**Q** 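Before I ask anything, let me first share the structure, which is written out below as structure tokens.
Lettering follows sequence order; numbering is per chain, from 1. Here the structure is a predicted model, which is why all the values come from computation and not from measurement.
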Amino acid sequence: MRRAGRVALYLALALAALTFIYPFLWMASSTLKPPGEVGTLALIPDHATFQNYRIMWGRAPFGRALLNSVFVATSVTVAVLILGSITAYAMARLTFPGRHALNLATTAVLLVPGQLTLIPLYTLVVQLGWIDSYSALIIPYLFNATAILMLRQFFLQIPQSLVDSARMDGMSELRILFSIFWPLARPPLAIVAIFTFMGSWNEVLWPLLVVRDQRIMTLPQLLTVFALGGGAGTLGVSLAAAMVLVVPVVIAYMFLQRFFIESMAGAGVKG
Amino acid sequence: MPSVTFDHVTKRFNDVTIVEDFNLQVADGELLVLVGGSGSGKSTILRLVAGLEAVTSGTIRLGDTDITERAPRDRDVAMVFQDYALYPHLSVRENLSLGLRIRRVPKEEVSRRVAWAVDMLGLTELLDRKPKQLSGGQRQRVAMGRAMVREPSAFLFDEPLSNLDAGLRAQMRMEIGALQRRLHTTTIYVTHDQVEAMTLGDRIVVLSSGRVQQIGKPIDLYRAPANRFVAGFIGSPPMNFIEGALEHADEMTWFVSDGMRIALAGVSAAGLTRREVTLGIRPDDLRMTFPSSGTAVEDGSIRGRVELVERLGGSSHMHVHAGSLHILAVVTALELPAVDDVIDLLILPQRVHVFAPDGQAIAIQG
Amino acid sequence: MRAERRAGWLLSAPYAAFLLAFSAYPIVFALALVMMHWDLVTRPSFAGADNLTLLAQDARFWQAVGNTFVFLAIHVPLQIVTALVLALALNRPMWLRAFWRAAFFLPVVISGAVVAILWNALYATDVGLINAVLARVGVGPVPWLTDPLIAMPAIAIMVTWKNVGFYVIIYLAGLQYVPKSCQEAIELEGASAWQRFRHLTLPLLLPQTVLVVTLSTINGFQLFIEPYVMTGGGPLRRTFSVVLYMYTNAFSYQKMGYAATIGVALAVIIGAVVAIQRRLIGQAEAM
């Protein structure tokens with residue numbers, strides 16, 4: 001390509017990249033600005049202050065919400081990895097009547113829009129008495145059809161002779177799964193872990209339905225309620241709350257960027 | 001070491017019969033080879049012994065113990081797989097010891113057995129490598145070592161050499177044979193390669209479509225194949241078959257075909273006017289002569305035109321076109337005819353095989 | 001084998017139970033709820049076709065559907081064009097390629113709630129960043145979220161910004177399969193860059209485009225958190241989405257039967273729209 005063309009391309013890309021990154025930088029800097037400065041374009045605050053964070057921390061239980069989010073997302077991720085692997089192993093490597101039906105049902109579940117089941121699931125959770133409990137946030141997410149199909153696809157590619165050999169070595173099916181399949185399945189497990197954790201970490205509609213008690217709220221829900229309820233007072237305080245949700249994700253994203261892209265793009269296409 | 005006994009073993013999958021009424025006793029310390037093409041049921045028989053598949057009916061015994069219903073881990077047999085099935089994430093040492101650790105064999109005993117196996121197989125230098133870092137032959141040895149350390153009552157080999165290149169295959173074949181004779185462990189060895197079967201087996205079972213075609217010592221299968229399938233399967237290059245008929249003339253029995261006839265001693269065709277049969281003759285059992293021009297072909301010879309000569313060095317393969325027949329002869333003569341030359345192939349009469357239309361061999365007294 | 005069968009049942013039983021409780025039962029119960037009045041407190045009562053009649057005559061519901069179509073009409077084409085342009089720009093060996101890709105993908109990993117709160121600030125008429133930038137070039141101030149005609153397009157632009165990185169990845173994957181020999185062949189024919197794109201790249205990317213259309217449509221029908229946080233459905237209910245309306249009926253009005261009816265209707269609409277889109281794209285391809 002001609003030199004001028006290359007320069008133009010890089011300029012355009014830089015501008016585009018700035019469009020995606022700058023708002024987050026601006027958000028970060030705004031949280032450090034006193035109320036009067038927030039509307040300005042400048043990234044470096046004139047009078048940097050942690051006041052927004054102090055106000056935010058004092059007005060709503062954000063520390064607790066952070067712990068809730070970590071607890072819920074971790075539980076869901078661990079469950080999806082363990083239970084999903086067990087299910088995928090059975091569906092990929094064991095022959096039993098009903099396996100085909102289970103396969104079909106799993107594919108069918110992915111085709112049903114979430115909006116259809118949202119309200120009946122909500123009434124179910126109400127009747128089970130799970131409103132304002134971690135159960136409501138965790139149990140409906142224990143299994144994930146996308147994760148199961150993805151792991152199953154990978155498990156199908158592992159040679160049968162490894163399974164045979166392990167059986168003759170005296171391993172139980174679960175032991176074959178966890179000590180032979182898991183070490184081989186690290187890449188797909190990482191992909192499943194990332195999209196499951198991110199999905200749970202960022203989820204807000206479901207918590208808005210089933211949790212009203214601030215002590216059970218996850219971070220994105222508390223953030224939404226806080227920003228909407230006017231509890232925040234100023235924009236800087238709202239954005240400070242948002243930072244608590246974003247910073248761990250951005251740090252993880254910087255280190256595991258390739259995994260994140262592969263994981264979330266893959267899950268979106270398959271889901 | 002106990003024997004392995006099959007008693008009326010049948011395996012069906014849905015409506016397809018994979019193994020039909022299989023009966024056999026593999027003797028203590030014997031190396032028995034199951035040979036056949038794909039779909040012959042040979043691998044299935046091995047997997048039935050291993051417990052990786054369940055019999056439809058019949059029983060399998062190890063010594064006096066009925067193991068038909070036992071889980072693979074409770075059968076005291078060890079298997080070497082075609083693709084070796086080494087655990088990719090474990091080192092050679094861990095691959096060798098895992099099966100023992102699962103069985104809670106004491107630590108010192110595990111180290112002793114691993115040391116014994118790696119010493120015998122020449123793997124000592126490779127103990128800390130992962131399977132990926134090994135050559136094909138080394139992986140093969142690790143797979144055997146993993147079976148050996150278990151000190152099982154029987155070894156099962158499932159086409160263990162088919163992933164190796166030709167040179168290595170010959171070498172590993174000899175190693176397996178030597179090892180088995182040293183350990184004297186009852187062994188069932190599955191292969192599709194008749195050369196492996198001939199060189200390794202104490203006895204060979206030839207299978208086709210889930211049925212036993214013949215059981216016997218390699219040389220017996222070669223000399224006296226029970227049917228046309230075995231005759232065609234065992235021996236390389238394969239036997240020539242000539243369609244024809246038996247006729248009785250001049251107080252003798254003749255095999256007659258297009259442009260040739262040969263007297264068969266010991267086959268009685270008295271009372272028969274004519275009986276359709278197939279004559280089998282191995283390429284090594286033909287002698288080439290150059291006919292003088294103008295003479296008719298003699299009894300017991302086939303006259304034909306040379307189509308192709310493949311020189312292998314010590315011997316040569318001659319493809320000869322005789323009427324509607326294509327005959328392959330292995331000759332050791334140094335003077336070879338040119339393509340399109342006319343030659344006679346003399347059939348050694350005591351080496352011919354005769355098969356009835358149903359494929360069964362008709363006995364000949366040689 | 002018997003042992004294997006037992007293991008298979010044992011290991012898949014938890015999932016089978018989960019499917020029954022959290023997938024099969026809700027699907028069946030959704031259809032039952034359509035024929036119920038239920039406030040979660042008193043006993044549910046049989047409603048017959050009440051909910052369906054109400055839905056047919058409910059101007060608010062149909063406005064929400066209309067709003068969603070406005071959203072889609074802007075969001076889907078914009079999403080295709082921006083994703084395609086960015087993917088084409090990145091589809092060559094270049095300096096910092098991984099960084100550009102990561103930058104475009106960044107908003108995808110951020111919670112929709114955060115993006116909504118952030119863009120609320122960016123869109124603010126008086127103190128927002130966007131109007132501050134526009135003011136530098138002499139435009140505005142634009143009442144992004146307070147003008148009934150502008151609010152929904154503003155949200156559509158924002159959602160496009162959030163998701164574009166995801167679709168760039170899809171297009172980049174598709175571009176890997178445009179054979180180099182084809183590129184060279186058409187270049188030898190003397191085709192211009194635009195002709196190459198029009199006659200080679202674009203047709204070959206059709207499967208990806210179908211995927212982008214389908215996924216961004218389904219995603220568009222799920223619009224909830226953005227209007228919930230940014231506009232509350234206003235101004236003049238012009239950003240009220242169907243899911244937001246369903247949520248309001250369930251959570252604020254305790255009308256489970258009607259909320260479920262909206263959910264069922266939405267599922268039917270999604271299925272129909274995606275089917276029509278696929279057929280139209282199929283016809284366009286045949287031409």
Side-chain angles (χ1 to χ4, degrees), chain A residues 78 81-82 84-86 88-104 150-194 259 262, chain B residues 13-14 43-44 46-54 67 70-91 94-105 130-132 139 142-144 146-147 149-150 152-160 162-163:
Chain A
V78 169
L81 286 176
I82 292 177
S85 308
I86 291 175
Y89 179 83
M91 280 163 65
R93 305 313 300 237
L94 299 173
T95 318
F96 57 96
R99 177 173 77 155
H100 188 59
L102 215 52
N103 238 324
L104 280 180
M150 214 180 247
L151 290 173
R152 173 177 171 271
Q153 203 54 42
F154 186 85
F155 289 172
L156 280 173
Q157 291 163 8
I158 294 178
Q160 177 63 32
S161 63
L162 272 185
V163 180
D164 290 341
S165 177
R167 282 182 187 156
M168 294 185 72
D169 269 344
M171 291 192 202
S172 67
E173 300 300 329
L174 282 180
R175 181 146 189 192
I176 296 174
L177 167 61
F178 290 116
S179 62
I180 306 294
F181 278 40
W182 264 33
L184 298 177
R186 280 195 199 120
L189 287 170
I191 284 172
V192 166
I194 289 176
F259 267 117
E262 198 184 332
Chain B
F13 188 75
N14 296 334
S43 287
T44 305
L46 207 64
R47 296 173 64 79
L48 292 173
V49 180
L52 296 169
E53 281 173 46
I67 57 167
R70 289 197 180 175
R73 78 190 79 153
D74 302 325
R75 292 198 177 201
D76 195 25
V77 297
M79 185 150 159
V80 176
F81 292 86
Q82 181 173 357
D83 61 2
Y84 319 134
L86 302 179
Y87 305 125
H89 59 296
L90 300 181
S91 67
E94 292 163 324
N95 262 289
L96 291 174
S97 57
L98 184 63
L100 298 177
R101 294 207 319 262
I102 290 169
R103 278 157 216 274
R104 305 195 186 284
V105 173
K130 295 274 172 68
K132 255 193 205 139
R139 287 181 206 179
V142 176
M144 289 197 296
R146 199 169 58 176
V149 295
R150 290 262 316 278
S153 296
F155 284 139
L156 309 173
F157 286 87
D158 188 9
E159 306 223 24
S162 56
N163 282 6

**Q** Out of curiosity, A:D164 CG to B:L46 CG, how far, rounded to the nearest 0.5 Å?
**A** 10.5 Å

**Q** Taking atom CZ of A:F178 as the centre, does the number of heavy atoms from other residues, nucleotides or ligands within less than 6.0 Å exceed 12?
**A** yes

**Q** So how far is it from B:R47 CZ to A:Q160 CD, rounded to the nearest 0.5 Å?
**A** 6.0 Å

**Q** Donor-acceptor check, side chain of B:Y87 to backbone of A:A166, threshold 3.5 angstrom: yes or no?
**A** yes

**Q** Can you say whether A:L184 sits under 4.5 Å from chain B via the side chain, the backbone, both, or neither, judging by heavy atoms?
**A** side chain

**Q** Select, from B:R101, B:M79, B:R103, B:Q82, the one with the greatest count of heavy-atom pairs under 4.5 Å involving chain A.
**A** B:R103

**Q** Grab the two heavy atoms, one from B:R73 and one from A:G170, that are nearest each other, plus how far apart they are.
**A** CB-CA, 3.2 Å

**Q** How long is the gap from CG on B:D76 to CE on A:M168, to the nearest 0.5 Å?
**A** 10.0 Å

**Q** First locate atom CG of B:D158, then atom OG of A:S161, and finally report the distance between them rounded to the nearest 0.5 Å.
**A** 9.0 Å

**Q** Evaluate the side-chain proximity of A:L162 to B:P88: yes if any heavy-atom separation is below 4.5 Å, no if none is.
**A** yes

**Q** What part of B:V80 lies closer than 4.5 angstrom to a heavy atom of chain A: side chain, backbone, both or neither?
**A** neither

**Q** Write down the atom of B:I102, the atom of A:D169, and the distance for their closest heavy-atom approach.
**A** CG2-O, 3.6 Å

**Q** Check each atom of B:L86 against the heavy atoms of chain A and say whether the ones under 4.5 Å are side chain, backbone, both or neither.
**A** backbone

**Q** Is B:A78 close to chain A through its backbone or its side chain, or both, or neither, when contacts mean heavy atoms under 4.5 Å?
**A** backbone

